[in-house]
Every structure is written in C-alpha cells, then in structure tokens.
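Worksheet for the structure shown next.
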Amino acid sequence: QVQLVESGGGSVQTGGSLRLSCTFSGFASRWYCMGWFRQAPGKEREGVATIYRSGSNTYYADSVKGRFTISQDNAKNTLYLQMDSLKPEDTAMYYCAAHDRYSASWCPTQQYGYDYWGQGTQVTVSS
C-alpha cells in the first residue's frame, strides 16, 4: 500500500522560506513521477512542480519558477520542495503526488495524471 506523508508546512511572512518534505513507502515497483500540487480555497488543484525519477526532467509552474525547487532523495524515500521568496498568493494546501506507471522521461503536470496522494500540508504566507 503506497503511502505519502507531507510535512514542513507553516506560516511565514512575505519573502520567507519553507521546505516541504514528502516521505513515501509501499511502492511495489519503482515510482516514475512525483510532484507537488496546491489548492487554495475556491480554486482548482494546480501543479506546482514535478520530477522524473532520475531527476533529469523537472517542471515548474510559471508562477513559481526561480523561487521553488523540487528534488528527491531516493535513498531516504523523500521528495522535497524548497520554497523561497514566498508570496501571499502561495498560500494553499500543498499535496505530494506520485504515479508508478512506466514513463521514459515525461511526467504529467495535471493532477489527473497521478494515482497516489498525501493528506496535504498547509502553507500560509502573510503580507
């Protein structure tokens, strides 16, 4: 049974930083794509960043490019999202997601491409 558990959320002021972590377990075989998604009240869940297993292929939403960095440590079974220069519009519930269907290198950027989800961690940025 695949489990994803997020941590690291919290409240910060504009310009601050947070690092989210997602520990994962239970994959019957290797995972291929993982990502971070966020959902603000009244809005659809949107893709923030995704990463291919090897780390060779990453995606960032335009709104976070240059400020957020996704990375993984497979030895520790952990996915990270380093968030710098945070803005109030980054306020949302952040979710970790994964899929283990074969992919040569491309990862989906929409939530519908992922099969496994964590419970979420809240990020609040105040002005």
Side-chain angles (χ1 to χ4, degrees):
Q1 182 178 354
V2 175
Q3 289 190 323
L4 306 175
V5 180
E6 303 96 333
S7 61
S11 297
V12 296
Q13 292 189 329
T14 297
S17 296
L18 285 172
R19 189 175 79 156
L20 305 183
S21 298
C22 171
T23 57
F24 53 88
S25 62
F27 286 103
S29 59
R30 61 175 60 187
W31 61 269
Y32 283 92
C33 293
M34 296 194 77
W36 289 97
F37 294 76
R38 67 186 181 187
Q39 188 168 19
K43 294 188 177 182
E44 285 195 5
R45 192 171 296 186
E46 63 172 348
V48 175
T50 65
I51 189 166
Y52 184 68
R53 177 178 178 83
S54 66
S56 60
N57 195 355
T58 58
Y59 157 84
Y60 295 95
D62 287 343
S63 58
V64 306
K65 280 180 182 176
R67 301 189 297 122
F68 290 11
T69 304
I70 189 171
S71 62
Q72 89 276 26
D73 186 335
N74 286 324
K76 295 183 178 180
N77 283 0
T78 303
L79 178 74
Y80 301 100
L81 185 68
Q82 178 66 41
M83 304 187 296
D84 299 317
S85 303
L86 282 161
K87 305 175 181 180
E89 50 264 44
D90 294 319
T91 295
M93 184 72 79
Y94 282 71
Y95 298 91
C96 170
H99 83 68
D100 55 3
R101 289 167 278 108
Y102 174 76
S103 171
S105 63
W106 178 85
C107 290
T109 59
Q110 302 292 319
Q111 60 173 319
Y112 309 105
Y114 293 82
D115 303 311
Y116 308 106
W117 292 86
Q119 81 290 348
T121 186
Q122 178 68 38
V123 172
T124 302
V125 185
S126 57
S127 57

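Along the sequence shown, residues carry numbers from 1.
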Distance, nearest 0.5 Å, that separates CG of L18 from OH of Y94: 9.0 Å
Checking side chain to side chain contact (heavy atoms under 4.5 Å, CB included) for the pair Q39/Q111: CA distance, chi angles, key distance, verdict? CA-CA 11 Å; Q39 188 168 19; Q111 60 173 319; over 6 Å; no
Testing the basics here: between D90 and V125, what is the closest heavy-atom pair and its distance to 0.1 Å? CB-CG2, 4.3 Å
Between V2 and D115, does the side chain to side chain contact (heavy atoms under 4.5 Å, CB included) criterion hold? Intermediate values first, please. CA-CA 10 Å; V2 175; D115 303 311; over 6 Å; no
Closest heavy-atom pair, S85 versus S17, reported as atoms and distance to 0.1 Å, is N-OG, 4.3 Å
Do M83 and V48 share a hydrophobic cluster (ILVMFWY, side-chain heavy atoms under 4.5 Å, transitive)? yes
Are Y52 and L79 connected into the same hydrophobic cluster when the rule is that any two of I, L, V, M, F, W, Y join if their side-chain heavy atoms are below 4.5 Å apart? no
When every non-hydrogen atom of Y116 is compared with those of H99, the smallest separation belongs to CD1-CA, 4.3 Å
Which is it for R53 and N74 under the side chain to side chain contact (heavy atoms under 4.5 Å, CB included) test, yes or no, and what are the steps along the way? CA-CA 8 Å; R53 177 178 178 83; N74 286 324; 4.2 Å; yes
S56 (side chain) donor-acceptor with S54 (main chain) under 3.5 angstrom: no
For residues S63 and R38, report the shortest heavy-atom separation together with the two atoms involved. OG-NH2, 3.4 Å
Rounded at 0.5 Å granularity, tell me how far SG in C96 sits from CD in Q119. 9.5 Å
Find the distance between OG1 (T23) and CG (N77) and round it off to the nearest 0.5 Å. 8.5 Å
Rounded to the nearest 0.5 Å, what's the gap from CZ on R19 to OG1 on T69? Could you check? 11.5 Å
Closest non-hydrogen atoms of A92 and Q122, given as atom of the first, atom of the second and distance, are O-NE2, 3.4 Å
More than 12 heavy atoms of other groups within 6.0 Å of Q1 CD: no
Lys/Arg-Asp/Glu bridge criterion (N-O < 4.0 Å) met for K65, D62: yes
Of all residues at least two apart in sequence or in a different chain, which pass the ring-ring contact (aromatic ring centres under 6.0 Å, His included) check with W117? F37
Contacts of Y102 that satisfy ring-ring contact (aromatic ring centres under 6.0 Å, His included) - sequence neighbours left out: Y32
Decide whether V64 and Y80 are clustered together by the hydrophobic rule: side chain heavy atoms of Ile, Leu, Val, Met, Phe, Trp, Tyr closer than 4.5 Å, transitively. no
Taking the side chain as everything from C-beta on, heavy atoms only, tell me whether P108 gets closer than 4.5 Å to C33. yes
What is the distance from atom OG1 of T78 to atom CD of Q72, rounded to the nearest 0.5 Å? 10.5 Å
Membership question, hydrophobic clusters at under 4.5 Å side-chain separation (ILVMFWY): are Y95 and F24 in the same one? no
Please report the C-alpha distance between L86 and F68 in whole Å, then the side-chain angles of each, then the deciding distance to 0.1 Å, and finally whether the side chain to side chain contact (heavy atoms under 4.5 Å, CB included) criterion is met. CA-CA 9 Å; L86 282 161; F68 290 11; 3.8 Å; yes
Give a yes or no answer on whether the side chain of Y60 reaches the backbone of I70 with a donor-acceptor pair at less than 3.5 Å. yes
Kindly work out whether a path of hydrophobic side-chain contacts (I/L/V/M/F/W/Y, heavy atoms less than 4.5 Å apart) joins F27 to W36. yes
Without swapping roles, check the side chain of N57 against the backbone of S105 for a donor-acceptor pair under 3.5 Å. yes
In this structure, CG of D100 is separated from CE of M34 (nearest 0.5 Å) by 10.5 Å
Heavy-atom closest pair (Q82 atom, D84 atom, distance to 0.1 Å) is NE2-OD1, 2.9 Å
Would you confirm whether E6, through its side chain, and G120, through its main-chain N or O, come within 3.5 Å as a donor-acceptor pair? yes
